[in-house]
Protein chains: 2
Amino acid sequence: MTNQHYGQFCGLARAAEIVGQRWTLLILRDLSVGPRRYSDLVAGLPGIPTNTLASRLKELEDEGIVERAAPAGAERSVVYALTPRGQELGPALDALSRWGAGGMRTPREGEIVTTSSITAALRVAAGDGVVPSDWDTTYNVRVGDIETHVVMRDGRVTADPGLLEDPDLEIVAGPGIRNLLAGTLSPQDALATGVVQIQGDPALFERFAQALHVPYSANVAEPQPAASAAG
Amino acid sequence: MTNQHYGQFCGLARAAEIVGQRWTLLILRDLSVGPRRYSDLVAGLPGIPTNTLASRLKELEDEGIVERAAPAGAERSVVYALTPRGQELGPALDALSRWGAGGMRTPREGEIVTTSSITAALRVAAGDGVVPSDWDTTYNVRVGDIETHVVMRDGRVTADPGLLEDPDLEIVAGPGIRNLLAGTLSPQDALATGVVQIQGDPALFERFAQALHVPYSANVAEPQPAASAAG
DNA sequence: CGGAATCCCTCAAGATACTG
DNA sequence: CAGTATCTTGAGGGATTCCG
């Protein structure tokens, strides 16, 4: 029983045997953004032991979920990518992300964001990725020292790591940008309070907030509030 | 770091901290079928250590995902149920179930099915649960010694544990019924090969197969085939 | 330098017994 | 019935070393 078998002929049990392994969901999240080298994964998953990462990658490869791209020719870097079977996990990862996002309020002590986490969050926030086809807007989004960009074009919205050369709008924020995307903070208030700073047309910022949404669950129990009458 | 914190302000990471715990997904699956007593859970999760179950239930209660129903009056049995926040996990559990089901072929050595696993699978197989509103059909479904029933009525299809008194169709099968629901085995072949036995109108059996579908991934890598030229 | 394998240690989880 | 107590095991955390 190496890999946590539950002994049940059940789709959820089979899924749990894989995504229930520590770090696996985050590895899959990073790979869902795009192919990554081993060192990229190490950098994007602070705290992961290198042997655990190596084990997970091997297991996922054995399961047909991840593939190693052979270091062809002068390229001396092994690249890991999701297989088609791995990509089929997308809807499940999205659903889990939404659920988890719905329960997020403020970052816990020491919690960080990574390029992959922001990019994945923006993609999930884009939902089906459909926007009005006459939108043609590019955004650079910086959260802390993380750099990503969003493009709305041809009726689609996409999010990817890195910055664009000459975006229509520059957005700089902290993790509090989550409240904007959750709808608990209006674009106007986000700017007025300084939670988000922009450089460019504020109308494009409203468009940004209009196209991207993360859930906000009303059913979250607050962990031990001050003993008096809590909201 | 008791409960596997990943240190990332990310919905998926937060979700992983909960559903990544061993047994948690299966506990949630069982509770998603309906409220359960401690002993029900123990019985439905063969192999779970009782202290692990107790820990999980406590953690899930602390997270606001599960609630203990107080043993009111003469009832001396504690009942666990999903909170609204726990029910919000439904789409994620369904997505994971579908993905896992897509990778299932035949049961591994010793794998079993449980009442909750079958019931949950039938619910997932029902998709959005919509059927033609003129269908009014009841089924008893036995898989091994597991007893469940399916009702199609008022345009909805539901699945629940236990048997009905006088169903329109009795279905008896093994885990191979999965191939019927996956579409890799026709209702006719299922009957002809004896994979499924029915008692009642075969047309109702075709309706059953028509309304319930589990995924079947074409992208599954078969585990270590004979060493020669593998697909 | 990127991509791991190895070592050691801790703690979560497995197994079983026992109690309110 | 609903857990707690105790002991054991092994996966995973952390650092270092090795290899190509």
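No experiment lies behind these values; they were computed from the predicted model shown.
- Here dG3(D) is the nucleotide among dG3(C), dA2(D), dG3(D) with the atom lying nearest to any side-chain atom of Y80(B).
- Considering only side-chain atoms of W23(A), the nucleotide from dG13(D), dG14(C), dG2(C) that sits closest is dG13(D).
- In the interface, the side chain of T50(A) is paired with the base of dA5(C) through a donor and an acceptor atom under 3.5 Å apart.
- Annotation: the span from L53(B) atom CG to S55(B) atom OG amounts to 8.5 Å, rounded to 0.5 Å.
- Along DNA chain C, the nucleotide nearest to A54(A) and the one nearest to P49(B) differ in position, and the one closer to the 5' end is contacted by A54(A).
- Here dG10(D) presents its P atom at 16 Å from CZ of R22(A), a figure rounded to the nearest Å.
- Not a single donor-acceptor pair under 3.5 Å links the side chain of R123(B) to the backbone N or O of D94(B).
- Checking T52(B) against D40(A), the closest nucleotide of DNA chain C that is more toward the 5' end is the one next to D40(A).
- Side-chain N or O atoms of R36(B) include none that pairs as donor or acceptor with a backbone N or O of V79(B) at under 3.5 Å.
- Taking every side-chain heavy atom of S77(B) into account, dC1(D) is the closest of dA13(C), dG3(C), dC1(D).
- Donor-acceptor pairing under 3.5 Å, judged by distance alone, is absent between the side chain of N51(B) and the base of dT16(C).
- Under the 3.5 Å distance criterion, the side-chain polar atoms of W99(B) are matched with a main-chain donor or acceptor of R85(A).
- Of the side-chain N and O atoms in R68(B), one or more sit less than 4.0 angstrom from OP1 or OP2 of dG3(D).
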